[in-house]
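Please read the structure below before turning to the comments.
Naming convention: chains lettered A, B, ... in sequence-line order (proteins, then strands); numbering from 1 in each chain.
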Amino acid sequence: MNNDQIADLLEAVAAAYQIKGNNQFKVVAYQKAGLAMRRLAIEARDFWEEGKLEEIPGVGISIAAHLTELFAKGKVPHFNKVLKILPPSVFKFIKIPGVGVKIAYKLANDLNIKESLGALTKLKKAAKKGKIAVLEGFGQQSEKEILEGIKKLTRDQKRMTLPFAWELAQKVIKYLNEKDENKKIIKIEPLGSLRRMSATVGDVDIAVATDDPQKVIKRFICFPEAKKVVVAGKNTARVIHRSGEQIDLKTMKPEAFGALLQHFTGSKDHNIHLREIAQKKDLSVSEYGIKFKKKGRLQLKEYPDEQSFYHDLGLSWVPPELREDSGEIEAALKNKLPVLISQKDIKGDLHLHSSFPTQSSHDDGLSSAEDLVTKAQSLGYQYLGLTEHNPVYSQHNKKQVIQILKRKKDISDKINYSRSNKLFFFVLNGLEIDIKRSGELAVPEEAFAFLDFAIASIHSSFKLNKKQMTKRVLLGLSHPKVKILGHPTGRKIGQRDGYDLDWDQIFSFCKKNNKYLEVNSWFDRLDLPDLLIRDAVKNGVKMVINTDAHAARHMDNLKYGLSQARRGWVTTDDIINTLSYNKLIDLFGLKKGGER
DNA sequence: GCCGTTTTCGGCCCGACTGTTTTCAGTCG
């Protein structure tokens, strides 16, 4: 059983306890334990094998005992007994927005829809026949909302990738700022998972600090790419973008903007933890500010910015990317938050595809090597790595591959030696090489002489089991010229999960042999994922943040990989492309002496 | 059921919204 399945189980038990009317805190405890499972980057089974289940936050003596039974025997009779009271359809119903466990349970029983299969269709039918409105506790309105909820559910199941949401938000912000002749917008910021730079985003939420909310809202609902205005209220508005995505705007007077920004940035768990801390100090926190007890009465204090808000709770300001309640609050209380990496620390991009034709089975890039260099210089970099795909191995013999790579090397040599050294810019000649199913690299040994370094990546046979896949990756990484494991999990957001790897083995191999895990910035990869980045940091494994650009303009995407690194608590020291050119080639064993 | 630099017992986040209600329960973020 993997972590997500265990989370499903624990949450189902929580739901059953809720229906049974058990202690609500017991219910919450199971929900928390479920969430903790979803957050683990390492399998809970591994914790069990090491006897460390109780080290998972939210897992205590009792749940640990149940999980132990689960791993040892494959089932937990106690859970099965508890779950018997819940018809399987309930778990379909609670996915409908506006329907929680209680309502789902009532619908399942009163309408006699117990099976999971076809449950939503049956519910829809019942609603259309007016069978819900007549149930006790329901009415016309709730029936209508359930119908709309089902519709929304089918539409909403796909979350946006971070880059899509980010660019949409920037468009709205730019539009609002451009038309703001009277400077009504004092501050404007994205909110929620978007501001926290989570890899996927549900809705685009934007906050504006202003003294004239009506003017801003009037402007907002005229956004040319909006196809529908849902609501335009006094302080908030909602439109539907032509892509179908929802965009919310929230306004607040500048004096109180800090608490609003903080509250709606979340995460929910971060906020809950903050309020627990506040409570112990006899304070009460909300989106309006902090209430202090004064002479027995509560008095609200407002905050123009987040810094002063966090300060009054005894914390240093927490970067949004860290606000997941995964240790950042404890660190902020001790003023020991890490200094996160930022764009200015990046000295080069080591995963770029130029238009040089390597006769690969994958895509060539669209921009010439020279154009990539120009772009890199405009970004303030000192170097870049040209890493086109290897020539397709089934259609080239050794000699042909070497010829292609020789011509490829000429291009970087020409750039490196034809320019004035005063420019202080260098091209590393690399290659992105497929790791074949067997673990072999897809280029002949002799070809490596023409390369400065290589990235090894998996582009096929994703379904090997964990043991085979780990062996394959480690074999691929073991060549001395291979320095980087490209997009290490192989996930494609919204399309496929990553393949199964034994991360403990990968981490210790990388650390021992100076191999570097890539944080790939491509929009639907964002790979390594944030949780694994955090684990890599904890294990002392160094990484490289690359764009995998197939055109010069894609080199601007580095911010997305960077954001995932920040979510993984990454500092400059953890990332090798923050090194100067000389230090980098030293690390790669390429010290050439002389002017380079 | 979990958790602890005031606690191993006694607590456990806050406010808004909504619909079906006669004073509130359920859901959401």
Side-chain angles (χ1 to χ4, degrees), chain A residues 10-11 13-36 53-67 78-79 82 93-107 132-146 148-149 152 156 191-196 201-203 205 207 231 233-236 238 246 248 250 259-260 262-291 298 300 313-314 323 325 329-330 333-334:
Chain A
L10 291 172
E11 283 163 3
V13 172
Y17 279 147
Q18 197 177 342
I19 293 300
K20 281 175 73 178
N22 278 58
N23 178 345
Q24 57 157 320
F25 298 111
K26 186 170 166 180
V27 173
V28 172
Y30 271 86
Q31 285 169 343
K32 276 189 176 169
L35 193 73
L53 275 174
E54 281 184 61
E55 285 183 16
I56 302 171
V59 175
I61 298 175
S62 171
I63 293 180
H66 289 314
L67 291 182
H78 172 66
F79 284 176
V82 173
F93 294 164
I94 53 177
K95 293 209 172 91
I96 303 169
V99 175
V101 173
K102 299 249 170 113
I103 290 177
Y105 183 70
K106 199 161 171 17
L107 288 172
I132 293 176
V134 297
L135 298 176
E136 196 196 337
F138 292 84
Q140 297 284 342
Q141 195 60 29
S142 47
E143 183 173 81
K144 199 176 133 208
E145 273 173 16
I146 286 170
E148 278 170 9
K152 191 165 155 46
D156 266 14
L191 295 168
S193 52
L194 177 57
R195 183 157 180 255
R196 301 197 311 278
V201 174
D203 302 321
D205 297 331
V231 281
K234 258 194 194 156
N235 296 304
T236 63
R238 168 175 297 170
Q246 186 171 300
D248 282 7
K250 294 181 201 296
L260 176 92
Q262 197 288 323
H263 180 83
F264 288 106
T265 295
S267 66
K268 187 179 167 187
D269 298 312
H270 176 87
N271 286 355
I272 289 173
H273 195 163
L274 272 190
R275 288 184 209 126
E276 282 168 357
I277 286 172
Q279 202 181 41
K280 283 178 190 145
K281 298 185 178 187
D282 240 359
L283 308 173
S284 169
V285 168
S286 77
E287 69 232 63
Y288 302 105
I290 301 176
K291 280 183 193 152
L298 287 176
L300 180 73
L313 293 174
R323 300 183 195 171
D325 192 24
I329 289 177
E330 292 81 352
L333 279 166
K334 293 181 205 150

To the nearest Å, give me how far apart CD1 (A:Ile272) and P (B:dC2) are. 17 Å
What is the minimum heavy-atom distance between A:Ala104 and A:Val99, and which atoms define it? N-CG1, 3.7 Å
Rounded interatomic separation in angstrom, taking CG from A:Leu107 and P from B:dG19: 16 Å
Assign each of A:Leu283 and A:Glu136 the nucleotide of DNA chain B bearing its closest heavy atom; nearer the 5' end lies the nucleotide of A:Leu283
Sub-3.5 Å pairs of nitrogen or oxygen atoms, protein against nucleotides 3-12 of chain B:
unit_1: B:dC3; atom_1: OP1; unit_2: A:Gly58; atom_2: N; d: 2.7

Counting only Watson-Crick or G-U wobble pairs whose two distances fall under 3.5 Å, which nucleotide matches B:dG15? B:dC28
B:dT21 versus B:dT27 - spacing of their P atoms, nearest Å: 16 Å
Determine the interatomic distance between C1' on B:dG26 and the same-named atom on B:dT20; round to the nearest Å. 11 Å
What nitrogen or oxygen pairs link the protein and nucleotides 24-26 of chain B at under 3.5 Å?
unit_1: B:dG26; atom_1: OP2; unit_2: A:Lys102; atom_2: NZ; d: 3.3

Measure from the side-chain heavy atoms of A:Lys26 and tell me the nearest of B:dT27, B:dG1, B:dT20. B:dG1
Is the shortest side-chain N/O distance from A:Lys291 to OP1 or OP2 of B:dG15 below 4.0 Å? yes
For B:dT20, take OP1 and OP2 only and decide whether either is under 4.0 Å from a side-chain N or O of A:Ser142. yes
Per nearest nucleotide of DNA chain B, the residue lying toward the 5' end, A:Tyr288 or A:Gln18, is A:Tyr288
Atom CG of A:Leu10 and atom NZ of A:Lys32: how far apart are they, to the nearest 0.5 Å? 14.5 Å
